[in-house]
Structures are given as structure tokens and as C-alpha cells.
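Chain A is the first sequence line, chain B the second, and so forth, proteins listed ahead of strands; every chain is numbered from 1. Just so you know, these numbers come straight off a predicted model, no measurement behind them.
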2 protein chains.
Amino acid sequence: MDAVLRADLVARGMTPDCAETIELVRDVLTRVGDKWTVLVVTTLEPGPMRFTALHERIAGISQRMLSHTLRALQRDGLITRTAYAEVPPRVEYALTPLGRSLAAAVDHLVLWVRTHRTDIARNREDFDGGG
Amino acid sequence: MDAVLRADLVARGMTPDCAETIELVRDVLTRVGDKWTVLVVTTLEPGPMRFTALHERIAGISQRMLSHTLRALQRDGLITRTAYAEVPPRVEYALTPLGRSLAAAVDHLVLWVRTHRTDIARNREDFDGGG
DNA sequence: CCGGATCCAAGCGGATACTG
DNA sequence: CAGTATCCGCTTGGATCCGG
């Protein structure tokens, strides 16, 4: 991954274990924080869904980005991809237990945002307006 | 913000309130998930710190990105910036209560990563290696 | 000491067209 | 139906120089 950064963190007095954790946290946050991941995961929460169903329900996403996002989630083991040998083809995506547990962890952040969004909005207005 | 996306979410059957929450969640995750925010926040956790101290402790960050990251955090009200009229100039940054509460919310994600990082690493290896 | 201004490279994400 | 390929603009982030 980013061995240089890890070495830097260790040099700052961190244990290698803690440094690697920070790396991974940033990595996970970067993935979850991209444009579509949260929407895809929340859309999958009720149950398995097909590619086209996701494409219809997540209005505004392109086929390319839906495909990329699904593949990234699959790579991390957060969703499963099941292709059925039928005509026409059918592919279903579903959250794994790991994906569900991540969604639960993200829920804490969702709760934090719901609680403090007015604070943030006001802070931004003050900062932008008041200089 | 992204009025189009919000309209899309509402069209999907979401309440405007919930749609706005998802927007803000994505917004916060995007901010927190950038390259340096987590490191800056964790570095500030022990107490207030000067620009140069941050620059030294967060090895690898450029002055430009440190400045940008600090300003973004300040804009959201997550840190304070205190400039002292001295020669040479002295500026101190510190987490606000809001910033501290966000750090606590992020801690859940940190815990999740600590718990499941081996799973994720193995999933990626399987996916990359196994095709 | 603190950072703004400028320039530049890499990657994310969108539109469109095309396959099994 | 479920994607892949190509092209392209925009944003992120780094290097460097300059000002208060």
C-alpha cells in the first residue's frame, strides 16, 4: 500500500499496528466517501437486486460508474455477485454479512450527521459570509 | 449543493429530509475520506498545535495541502484557528467540541476496520489472485 | 513563521457507442 | 440484460515560488 506513509507514522512514535490501521481507515473512508458507494449500499440494504434495478433506482448514475462501484465493493467482499446462466442474462448483487456490518458502522456517522448537520451548515454560512 | 441528486432521491420515494441526509453523509464522508483529514484530526487530538508542528509531525504533507485541509476543517467548524499578533507570527489549531464528537463517530469506523481488516485484505487477495 | 498563487500530472467520473 | 471501450472534462493533490 503506502509503505512510505506507514514508515512516517512509525517514525512519529506510532506502533506499526496503529499506523497500518490509520492507512486502512483512510483507505476505507476514501472508498465509502466516493460519489456512489453509500447510495449503492443503502439501495441494496432491503435485499438482493439486479444490475438494471440498481441502475433505475439510483437515478443519475452511469452504467460505467455503477459497474465500477459494484466491482470495488465486490473486491472488498462487501457484496456478492451472482450470475445466472439464463436467457436473457440475470445478475444479482447482495450485501454480505461484512457489508452489512460496515453499513452498521456507517450508521453511527449517519446519526452524527443527522444530529449536527445544522451546526455544520451554520458554520459554513458564517465562514463564507462573515469571512 | 446537489439539488438534482436530491430531487432524484425524492423521486425514488424518499422524504426530502432523508434525501438531504444522504447528501450530507456523502459530503462528510468525502471530506473525511480525503488524503489528509484523518491524519490531521488524529494529530490534533492530544491538544492545540501550530502550523509548523503539524507540518513536521504529518510527514509527507505539503504546505499547500495542510493549509487547504485546515481551512476546510475550520470552515465546517471542526477546528479553530487562533493567530497571535507576535513576531514571528504564531498560529494555533485546535479541535472544537464538534470536531471531537466527529472524531468519536469516526472511532466506530476505526474499530470496524481494526476488526475486519484481515477479512478485507484476504478478500482483495482472493479477488485479485483468483480472478 | 504562515501560508497564498501558480503550474502541472494523475485519477475520478460522465457521455456515448458498442458487445455477449 | 449486463456490461466494456473510448474519449474527455473536472477535481485532487504535489512542487515551487513569492508575500505578509
Side-chain angles (χ1 to χ4, degrees), chain A residues 1-2 4-5 8 23 26-40 43-44 48-76 79-94 127 131, chain B residues 1-5 8 23 26-40 43-44 48-75 79-94 127 131:
Chain A
M1 292 185 128
D2 196 336
V4 177
L5 175 61
D8 289 339
E23 267 185 87
R26 200 180 68 180
D27 190 66
V28 170
L29 285 174
T30 301
R31 173 155 317 297
V32 173
D34 72 3
K35 190 163 181 181
W36 298 109
T37 294
V38 168
L39 274 173
V40 169
T43 304
L44 277 176
M49 206 169 295
R50 308 176 56 162
F51 186 91
T52 302
L54 284 165
H55 194 209
E56 285 170 356
R57 297 193 61 145
I58 307 175
I61 196 173
S62 62
Q63 283 190 331
R64 178 179 179 272
M65 289 318 296
L66 179 56
S67 180
H68 279 219
T69 303
L70 289 170
R71 184 164 291 265
L73 288 170
Q74 185 193 355
R75 177 171 180 261
D76 287 350
I79 65 174
T80 56
R81 178 186 185 276
T82 310
Y84 299 90
E86 301 174 0
V87 180
R90 182 163 61 98
V91 180
E92 280 196 342
Y93 295 91
F127 190 86
Chain B
M1 291 186 134
D2 195 336
V4 177
L5 175 60
D8 288 339
E23 268 185 84
R26 199 180 69 182
D27 189 66
V28 170
L29 286 174
T30 301
R31 172 154 321 293
V32 173
D34 73 4
K35 191 164 182 180
W36 298 109
T37 294
V38 168
L39 274 173
V40 170
T43 305
L44 278 175
M49 204 169 296
R50 308 177 55 163
F51 186 90
T52 302
L54 283 166
H55 194 209
E56 285 169 358
R57 299 193 59 146
I58 306 174
I61 195 171
S62 63
Q63 283 189 333
R64 179 181 180 274
M65 289 318 297
L66 180 55
S67 180
H68 278 220
T69 303
L70 289 170
R71 183 163 290 266
L73 288 170
Q74 185 194 355
R75 177 170 181 264
I79 66 173
T80 57
R81 177 186 186 275
T82 309
Y84 298 91
E86 301 174 1
V87 181
R90 182 164 60 97
V91 179
E92 280 195 345
Y93 295 91
F127 190 86

Donor-acceptor pair, side chain of B/Arg26 and main chain of A/Lys35, under 3.5 angstrom: yes
Nucleic acid contacts - residues 79-87 of chain B versus DNA chain D, non-hydrogen atoms under 4.0 Å: none
Could you pull out the closest heavy-atom pair between A/Arg31 and A/Ala72, with the gap in Å? NH1-CB, 3.4 Å
Atom OG1 of B/Thr43 and atom CH2 of B/Trp36: how far apart are they, to the nearest 0.5 Å? 10.0 Å
In terms of heavy-atom contacts, A/Val32 and A/Val38 come closest through O-CG2, 3.4 Å
Side-chain touch B/Tyr84/B/Glu92, heavy atoms, less than 4.5 angstrom: yes
Between the OG1 atom in B/Thr37 and the CG atom in B/Leu70, the distance rounded to the nearest 0.5 Å is 9.0 Å
Does B/Ser67 reach the main-chain N or O of B/Gln63 with its side chain, forming a donor-acceptor pair under 3.5 Å? no
Here's one to test your reading of the geometry: is the NZ or CZ of A/Arg75 within 45 degrees of the ring axis of B/Phe127 and under 6.0 Å from its centre? no
Shortest non-hydrogen contact from A/Leu44 toward A/Met49: CD2-CB, 3.8 Å
Covered region of DNA chain D, 5' end to 3' end, by chain B [heavy atoms, under 4.0 Å]: D/dG13 to D/dG20
Closest non-hydrogen atom pair, A/Thr30 against B/Gly33: OG1-O, 2.6 Å
Nucleic acid footprint by protein, nucleotides 6-20 of chain C - heavy-atom cut-off 4.0 Å, B for base, S for sugar-phosphate alone: B------BBB-B--B
